[in-house]
Amino acid sequence: MRLLLAAGACALVLAAPSAGSAQQGAWTYEYTNGVATATERDDRGRTTATITCQAPAGDIVLSDFTLARAARRATQSEVRIGAIAVLVPSRLEGRGRNRALTINLPQRPPILAAVQPTDQLSVTVNSQSRTLSEGAPQKMKEVAYACWGS
C-alpha cells in the first residue's frame, strides 16, 4: 500500500507542469544612442521578440523570432492590442536562429491610444498567432514615448 501511494505521488509530481515550462517571457527595456528597445526573453534567456524605435523617424519595429517559420512568403501580418487590430506589411529578416518576422508599424500607430493595463499584444501571420508575454502593450508604449519624446 505504501509503495502504491509513493508511486501515485511520484506520478502526480511528474504530471504537474514545472515552474520553468509554465513561466512566461520577461521584458527588459533600454535606451541607448537614441534607440529605445524592449526585449522579450523566454525562460532560457533566448530573445523571442523585440520592440524598437529610433528617433526622428519614429517607426516602431516589432520583431518576432518565434513566427519566422510561419511567415514564409508572407507580406502582411496582423498586430492586435486588446480589441483593436491593424494589418501591416511584414517581412522576414536574418538567418538561422536570428531569423525574425519584422513588422514596421507606422509612426504613432492608433492602436497605442487605447492600450489598457490588461490588454494583450498578439501577432498573426499566415493563420499562425502568438500572444506576447504579459506587459507587451505597456512596453510598446514605453518604447514609443521614449522615441517620440526625443
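Being a predicted model, the structure only gives us computed values, none of them experimental.
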Ignoring hydrogens and angles, tell me if any N or O in the side chain of D119 forms a donor-acceptor pair with the backbone of Q116 under 3.5 Å.
yes
Is the closest side-chain donor-acceptor distance between S77 and S90 under 3.5 Å?
yes
State yes or no: do L87 and L121 share one hydrophobic cluster built from I, L, V, M, F, W and Y residues joined by side-chain heavy-atom distances below 4.5 Å, directly or via other members?
no
Side-chain heavy-atom pair L105, V79 within 4.5 angstrom cut-off
yes
To the nearest 0.5 angstrom, please state how far the CG atom of D43 sits from the OG atom of S133.
11.0 Å
Side-chain contact, heavy-atom cut-off 4.5 Å: Y29 with T37?
no
Can you hop from L92 to F65 via hydrophobic side chains spaced under 4.5 Å?
no
Going by heavy atoms in the side chains, are N104 and R91 under 4.5 Å from each other?
yes
Distance from Q54 atom CD to T32 atom OG1, nearest 0.5 Å?
11.5 Å
Is it possible for you to say whether V35 and I60 belong to one hydrophobic cluster, with membership spreading through side-chain heavy-atom contacts below 4.5 Å?
no
Can you tell if the side chain of E40 reaches within under 4.5 Å of the side chain of T50, non-hydrogen atoms only?
no
For T39, all residues meeting side-chain hydrogen bond (donor to acceptor under 3.5 Å, both in side chains), sequence neighbours excluded:
none
Which value, rounded to the nearest 0.5 Å, describes the distance between Q128 atom CD and D64 atom CG?
11.5 Å
For T47 and R41: C-alpha separation, side-chain torsions, deciding distance, then whether side-chain hydrogen bond (donor to acceptor under 3.5 Å, both in side chains) applies.
CA-CA 4 Å; T47 300; R41 296 187 193 286; 2.6 Å; yes
Minimum heavy-atom separation for A36 to A146, with atom names?
CB-CB, 4.0 Å
After noting the C-alpha distance and the side-chain angles of S129 and T124, does the key distance pass the side-chain hydrogen bond (donor to acceptor under 3.5 Å, both in side chains) rule?
CA-CA 4 Å; S129 294; T124 302; 2.6 Å; yes
Are V123 and L132 packed together at the side-chain level, in the sense that at least one heavy-atom pair is separated by less than 4.5 angstrom?
yes
Over all atoms of both residues, closest heavy-atom pair of W27 and G135
NE1-C, 4.3 Å
Over 12 non-hydrogen atoms of neighbours within 6.0 angstrom of CD in Q120:
no
What closest approach, in Å, do R130 and T48 show between heavy atoms, and which atom pair accounts for it?
NH2-O, 3.5 Å
Within the structure provided, determine whether I103 and V61 are in side-chain contact (heavy-atom separation under 4.5 Å).
no
Provide the full list of salt bridge (Lys or Arg N to Asp or Glu O under 4.0 Å) pairs with a residue in residues 65-77, sequence neighbours left out, each pair given once.
none
Might you point out which heavy atoms bring Q76 and V125 nearest each other, and give the distance in Å?
O-CG2, 3.8 Å
Between P137 and V115 the two heavy atoms that sit nearest each other are CB-CG1, 3.6 Å
Kindly determine whether E30 and K139 satisfy salt bridge (Lys or Arg N to Asp or Glu O under 4.0 Å), including the steps that lead there.
CA-CA 11 Å; E30 68 179 353; K139 285 298 177 188; over 6 Å; no
In short, A100 meets S63 closest at the heavy-atom pair CB-CB, 4.2 Å
